[in-house]
Structure formats: C-alpha cells, structure tokens
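The first residue in the sequence is number 1, and the count goes up from there. Every number for a ligand or one of its atoms is a count from 1 in the order of the listing.
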Amino acid sequence: MVRDNYSYLSHLECPKCERIYHSTEVQQVCFCGSPLLARYDLENLSKDWNPASLKDREKNLWRYHELLPVQQPQHIVCLGEGMTPLLRMPSLGMDMSIPKLYMKDESLMPSGSYKARGAAVGISKAKELGIQRFVIPSNGNAGATWSLYAARGGLNSSVVMPAQAPPITRDECIAAGAELLLIKGIISDAGRIVADKVKREGIYDTSALKEPYRIEGKKTMGFEIIEQMNFEVPDVILYPTGTGTGLIGIHKALQELQEIDWISGPLPRLVAVQSEGCAPIVKAWENQQTESMFWEQSSTEAFGIHVPKTIGDFLVLDAIYQTGGVAISVTEDEILKEQERVTRMEGSFLCPEGAAAFAAARVLRSNGWIEEEEKVVVLNTGSGLKYPRIPSNEEMLLNPEKVLTSYTIKEQAPSIIKG
Ligand SMILES: Cc1ncc(COP(=O)(O)O)c(C=O)c1O
C-alpha cells in the first residue's frame, strides 16, 4: 500500500463479496457486479487527525482530503464546491411542528445542485488515474455538472440524457463542449446506451456507482452536516433518493466518522424519499427486502429521483435498516405544494426533489415517526431555477382570468410649486 498523508485511501472493496481491488488502477464495478467502495486507513487516520485541524482550512469539500481518494492535490479540479449552508427553517418548522428543522442547501453549489460534489471528486480522481474521456447517463443535473467539471479539468465528456430532462441542463452540456446524446426514453434507457458505448469505444463509465469515487464526493454532505452541528449528531436525515448514491455516501461518512471517534452514539435515522410514480426502494423496504425490483411505467416531475432501479439498491436499503430509518413515497401534488410552501415561508426556491424530502418530513411528523423535539435535517439537493416551468405557474399563465391583458396608468396632473 502506497500512501502519503494527503489521502488515507488504502484500497477498494466490494461490499457484497468482499473482494479487494487496487485503488492505483482504473476500476469500475466488482466481478460480481456490485459497486466498489473506497476504504481508508482509519486506524492511522484516527491517530493523526482531529476536528481542530479543520479550523483554518478552506471552506470547500477538500477540507476533508484525508478521507477523499485524491492522493496528490495538483490533480484536484475545483469550482469552490462544498460547505453549503445548513439553515434553520423556523417558519416551516413551526408549520410542520418540527421546531428543530434544518435544510442543508445544495442549491448554492456550482451548476446549482449537489452533483458538483460527485463530479469534483470523480473527475479529480479520473484525472489522477490518467483518464481522458468518460461517458455518463443522466437525468439532467449530473450530465451538466460532469461536463462543466470536465471542461475545467481538461477531460472529454459524453452525456446520454432523456430528451425530457430540464432544458437548461442540456445547454450546460453543450456550452461546456460535451458530446450530448438526447434519447427518447428514461434514465434506464440512457444507461443501456452508455453500456453499449463503453463496450464499443472502451471509454470510462461514470454511471452512478459504476465507478468508485463519485460517492466519495457525495459523502462530504455527511461530514459537513456533522461539522456544522458541532459534531453533534442529528436524529433524522431525509434524502430524495434516485440512485441512492447520496444516501449511501452520507451513511458511509457517518460510519467513517464513528470509526475515527469523531462522533459517538446512535447514527441519525436515514430516510429515503421517492415519488409515488417511481418508488422501487420504498416497495422493497415495505416488503423488508434487501434488493429492489425494476419499477415499470415510472413517472415524476422530480427528474433526479426518476430512477426505476439502481445497482446500489442493497446499500441504500442497508443504510435504512442499519440506522432504523424508513423509505417513504410522496405524491406529485404533495411535492408541488411543499415546493410552494418552502418558497413562501422560507424564501428558498428549492428543486422538486428537495421539496419531496420536506413533504416526507411533514408526513413522518404527522404520523408520529418524527417526534417534536427531534433534530431533523432535510437535504435540498438543488435549485428550483433549473426547473423553470413548475405546473402551478403554467396554470396561472393559461388561466385568462389571472392574466392582466391591459393596464391603464392614470395620469396625475403634476403639482405646481409656486415660486
Ligand atoms: C436534484 C437532485 N436530487 C436528487 C437526486 C437523486 O440523488 P441520488 O441519485 O444520489 O439518489 C438527483 C439525481 O439526479 C438530483 O439531480
């Protein structure tokens, strides 16, 4: 094992069959088909590192470089990602009867979503490993963000994206110089095209959980929540779940912090939130299964969580079972109403995925699963600005009674000041 003190990365491991892989070589998934997870020398790290050392570090996610996979800082591709605000939500919290309600607000990230975390770390590590070109299937945000980071890092990107994805994310890909393939279909169809392209062209596959490092970037959401709460652990964390990489990452971060003794006591109960139109993890959890089934005829306006099946499903379900969490789905109507409520009450124009997670907190509080005194963190994974046409707006524009067709300004005679 070669290691310097910048990163304590030691190897990659399959969480299913426990096979070990070198992290100094390019890896994708395990022979058994499972995602691979990065492992660190936590024993030595716990002796060498302590929370006080974070005090003077830059306010971005690279402040946790010991627990990130990039071994040499010159390979880092950074757009200032990380250390997003953890905001108290007093009005919404009162409305939901959760006084200690917080929002981890990822809308302030480069390109407006938490995807910047995975892209920054994934692309930096790809650069370190000498990769020049990659392909990614995306529901919009990931493709946009990976294209932008690729531009900054000097890599070539190809993105395969459903044509219905938010148009602005296409513009970002094109502006960044990516090869963009728009397809008729959903993310699973995009995934099939990516697999074919990888086979034919031999390029690096950066599909979620098919390379080991995107999750390492996403886990920094977990580090930041804990640091921003002064190393106290919240009771519940809710996460809008598509591939589940974010939730698995947060769970991994919490376990690593536990192992190096930075936190103690029970971990937060992790909640995977999905839409009723696409809820494979919820169905599996309700049946107490360890893997999910492909969700047929899926649909939701919350594009980021439109994922009918993920190869990391067993890890998402494990995170929920191990922490005593739940998986819950909300309706499209609940998502839109919550998006409006959060915006009106707290001034944050959040994305529908984030709104789904707030809607789930509301349901879980009203059925008593969340107790009034508990500290609850909801992940808003992106900005509503990336989804410019929310249906209630359209309804207003299409309703002639609500549209002003003419407006007459009454002229007032100017008052004359006598000299
Ligand atoms: C805004 C937003 N929220 C949530 C998700 C789902 O995250 P994950 O795939 O990590 O479960 C996505 C994924 O595209 C997204 O773009």
Side-chain angles (χ1 to χ4, degrees), residues 35 84 103-119 121-122 136-146 159-162 164-166 168-169 172 186-188 190-191 206-210 213-222 237-253 270-275 278-282 292 295 298 300-313 315-317 319-320 327 329-330 335 339 348-360 378-387:
T84 53
M103 171 171 71
K104 177 72 175 155
D105 191 9
E106 298 286 290
S107 67
L108 287 121
M109 289 291 263
S111 178
S113 90
Y114 83 108
K115 295 280 182 184
R117 295 179 188 272
V121 175
I136 186 167
S138 169
N139 268 327
N141 283 326
T145 317
W146 280 70
V159 181
V160 186
M161 193 187 275
Q164 295 149 308
I168 186 133
T169 58
E172 287 176 281
I186 62 170
I187 187 76
S188 41
T206 59
S207 307
L209 296 164
K210 288 197 178 166
Y213 303 112
R214 190 202 286 214
I215 181 177
E216 293 304 291
K218 291 189 180 182
K219 83 180 178 189
T220 57
M221 287 185 284
I237 299 179
L238 295 102
Y239 187 84
T241 302
T243 65
T245 323
L247 195 85
I248 304 165
I250 291 172
H251 187 221
K252 187 171 187 284
L270 298 180
V271 179
V273 181
Q274 300 198 298
S275 154
C278 184
I281 297 291
V282 179
S292 65
W295 189 274
S298 53
T300 170
E301 287 295 317
F303 290 100
I305 54 174
H306 191 171
V307 181
K309 167 85 180 160
T310 162
I311 64 163
D313 52 1
L315 293 169
V316 179
L317 288 158
I320 300 170
S329 58
V330 289
I335 295 175
Q339 189 182 31
S348 167
F349 184 42
L350 75 178
C351 63
E353 295 84 353
F358 276 106
V378 175
L379 264 299
N380 171 35
T381 40
S383 167
L385 296 176
K386 299 200 89 173
Y387 309 71

For S298, side-chain hydrogen bond (donor to acceptor under 3.5 Å, both in side chains) partners two or more places apart: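 Partners of S298 by the side-chain hydrogen bond (donor to acceptor under 3.5 Å, both in side chains) criterion, ordered by chain and then number, come out as H306.
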Measure and list all N/O to N/O distances between ligand 1 and the protein that fall under 3.5 angstrom.
{"from": "ligand 1", "atom 1": "3 (N)", "to": "T381", "atom 2": "OG1", "distance (Å)": "2.7"}
{"from": "ligand 1", "atom 1": "7 (O)", "to": "Y114", "atom 2": "OH", "distance (Å)": "2.6"}
{"from": "ligand 1", "atom 1": "7 (O)", "to": "Y239", "atom 2": "OH", "distance (Å)": "3.4"}
{"from": "ligand 1", "atom 1": "9 (O)", "to": "T243", "atom 2": "N", "distance (Å)": "3.0"}
{"from": "ligand 1", "atom 1": "9 (O)", "to": "T243", "atom 2": "OG1", "distance (Å)": "2.6"}
{"from": "ligand 1", "atom 1": "10 (O)", "to": "Y114", "atom 2": "OH", "distance (Å)": "2.8"}
{"from": "ligand 1", "atom 1": "10 (O)", "to": "K218", "atom 2": "NZ", "distance (Å)": "3.3"}
{"from": "ligand 1", "atom 1": "10 (O)", "to": "Y239", "atom 2": "OH", "distance (Å)": "3.2"}
{"from": "ligand 1", "atom 1": "10 (O)", "to": "T245", "atom 2": "N", "distance (Å)": "3.4"}
{"from": "ligand 1", "atom 1": "10 (O)", "to": "G246", "atom 2": "N", "distance (Å)": "2.9"}
{"from": "ligand 1", "atom 1": "11 (O)", "to": "G242", "atom 2": "N", "distance (Å)": "2.7"}
{"from": "ligand 1", "atom 1": "11 (O)", "to": "T243", "atom 2": "N", "distance (Å)": "3.3"}
{"from": "ligand 1", "atom 1": "11 (O)", "to": "G244", "atom 2": "N", "distance (Å)": "2.7"}
{"from": "ligand 1", "atom 1": "14 (O)", "to": "K115", "atom 2": "NZ", "distance (Å)": "2.9"}
{"from": "ligand 1", "atom 1": "16 (O)", "to": "N141", "atom 2": "ND2", "distance (Å)": "3.0"}

Any residue meeting salt bridge (charged side-chain N to carboxylate O under 4.0 Å, His left out) with K218, in chain and number order, not counting sequence neighbours: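 Result, salt bridge (charged side-chain N to carboxylate O under 4.0 Å, His left out) vs K218: none returned.
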Under the salt bridge (charged side-chain N to carboxylate O under 4.0 Å, His left out) test, residues paired with K115 that sit two or more places apart: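 For K115, no residue satisfies salt bridge (charged side-chain N to carboxylate O under 4.0 Å, His left out) once neighbours in sequence are set aside.
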Partner of K386 by side chain to side chain donor-acceptor pair (under 3.5 Å), out of S113, S107, S111: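 That would be S111; it is the only one of S113, S107, S111 passing the side chain to side chain donor-acceptor pair (under 3.5 Å) with K386.
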Plane angle bin for F303 and Y387 - parallel if under 30°, tilted between 30 and 60°, otherwise perpendicular: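 Geometry flag for F303 against Y387: parallel rings.
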T84 versus E106, side-chain donor and acceptor atoms under 3.5 Å: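 Note: E106 and T84 side chains meet the donor-acceptor criterion.
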